[in-house]
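What follows is a short report on a single structure.
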Amino acid sequence: TLLRANCKHNQLLIIAIHPPPDPYGRPPPTSYPEVVYARPPERYEPPAPQVSDQEFEEIFQRNKTVSSSAINRAVQDASSGDFPSAIETLVTAISLIKQSKIASDDRCKILISSLQDTLHGIEEKSYGSRSSRRSRSRDRDRDRVDKRSRHHSRSRERDVRDYRERSRDRDRERDRHYDDRRDRDRERERSERSDRGGDRDRERERSDRERSERERSDRERAERERSDRERADRERAERDRIERERSEPGTRRKGTW
């Protein structure tokens, strides 16, 4: 980097001393601007927060517990083949320790380094396991393709048989549906005929009942009229008798004496 900066600086000095000719034939300037090189800013690291000895010891013990628990848990998960869970456990523990107030302490850095070493070992083991799994997976895929081709041929034959069976079932179902529909139509026709016959019978009964009612009413009216005529005749006969008796007083008296 220093050599590159020196070369660049020398080039600028050469350009400043011997400027290139102007392509348009213009005279060179009398003065050149002064080049000022600024130093890159230094990396700022915030000071570690001030903590008491008691708080420091508590945080360190907590970080130590997190580190040991994470390593034990990651080793168990890696032994059972659950590499993603093991890696996630270690990454979480490293993040927790780095976020603590005493992360810049040497002892915490040792804990982080131990976690990182364990993480790298598990990642390498996971890579080797993935390689062997890929090899086994290719073998399984090849076997699966062979089984699938055999299964496909058997499945095609079974599908043909099933299609024929379903076709026969559909034919039987269609015939049964037509038979049921024909039976329902016949039953409906018989019901309609019986309903029409019942309506005629009910109409006949109603007509007979109305006729008998009219006949009885006529008889009662004739009876009342005859009774009225008889009563009128008796009253007229009684009036005639009384008038005759009034018109013949001597005869009645003579006959009486």
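Residue numbers run from 1 in the order of the sequence given. Keep in mind that this is a model prediction, so the values were computed, not measured.
- Placement of Val66 and Ile59 in two distinct hydrophobic clusters is found when ILVMFWY residues are connected by side-chain heavy-atom separations under 4.5 Å, directly or transitively.
- Applying the side-chain hydrogen bond (donor to acceptor under 3.5 Å, both in side chains) rule to Asp208 yields the partners Arg211; only residues at least two apart in sequence or on another chain are considered.
- Between Glu123 atom CD and Ser126 atom OG the span is 8.0 Å, to the nearest 0.5 Å.
- Within the structure, every pair that satisfies the salt bridge (Lys or Arg N to Asp or Glu O under 4.0 Å) test and touches residues 58-76, not counting sequence neighbours, is listed here: Arg73-Asp77.
- To the nearest 0.5 Å, atom OH of residue Tyr127 and atom CD of residue Glu124 are 11.0 Å apart.
- Residues passing the side-chain hydrogen bond (donor to acceptor under 3.5 Å, both in side chains) test with Arg216 are Glu213, sequence neighbours excluded.
- Considering only residues two or more places apart in sequence or on other chains, Glu165 meets the side-chain hydrogen bond (donor to acceptor under 3.5 Å, both in side chains) condition with Arg168.
- Annotation: the span from Glu235 atom CD to Arg231 atom CZ amounts to 6.5 Å, rounded to 0.5 Å.
- The pair Glu187-Arg190 counts as a salt bridge, with a side-chain nitrogen and a carboxylate oxygen less than 4.0 angstrom apart.
- Annotation: Glu55, atom CD; neighbour count of heavy atoms from other residues, nucleotides and ligands within 6.0 Å is above 12.
- For the pair Ser114 (side chain) and Ile110 (backbone), a donor-acceptor distance under 3.5 Å is absent.
- Closest heavy-atom contact between Ala86 and Ala78: CB-N, 4.0 Å.
- Taking Arg241 as the reference, Glu238, Glu245 meet the salt bridge (charged side-chain N to carboxylate O under 4.0 Å, His left out) condition, with sequence neighbours excluded.
- The list of salt bridge (Lys or Arg N to Asp or Glu O under 4.0 Å) pairs with a residue in residues 104-119, not counting sequence neighbours, reads Asp105-Arg107.
- The hydrophobic cluster containing Leu96 does not contain Leu115, counting ILVMFWY residues as joined when their side-chain heavy atoms lie under 4.5 angstrom apart, directly or transitively.
- Here the closest non-hydrogen pair linking Cys108 and Ile102 is SG-O, 3.2 Å.
- Note: Asn63 CG to Lys101 NZ = 12.0 Å, rounded to the nearest 0.5 Å.
- With hydrogens and angles disregarded, no donor-acceptor distance shorter than 3.5 Å links the side chain of Ser95 to the backbone of Val91.
- Residues Ile112 and Ile122 share a hydrophobic cluster, clusters being chains of Ile/Leu/Val/Met/Phe/Trp/Tyr side chains in contact below 4.5 Å.
- Within a 6.0 Å sphere centred on CG of Asp53, heavy atoms belonging to other residues, nucleotides or ligands number 12 at most.
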What do the steps show when you test Asp169 against Arg166 for salt bridge (charged side-chain N to carboxylate O under 4.0 Å, His left out), and what is the final call? CA-CA 5 Å; Asp169 292 339; Arg166 286 195 298 270; over 6 Å; no
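- Rounding to the nearest 0.5 angstrom, the gap separating the CD1 atom in Ile71 from the OG1 atom in Thr118 is 4.0 Å.
- Checked for salt-bridge contact, Arg170 and Glu173 miss the test: no charged N lies under 4.0 Å from a carboxylate O.
- A salt bridge does not link Asp175 to Arg172: none of the charged nitrogens lies less than 4.0 Å from a carboxylate oxygen.
- Of the charged side-chain nitrogens involved, at least one lies within less than 4.0 Å of a carboxylate oxygen, so that Arg182 and Asp179 count as a salt-bridged pair.
- Smallest separation of non-hydrogen atoms from Ile94 and Leu119: CD1-CD2, 4.3 Å.
- Interatomic distance, Ile87 CD1 to Asp82 CG, rounded to the nearest 0.5 Å: 9.5 Å.
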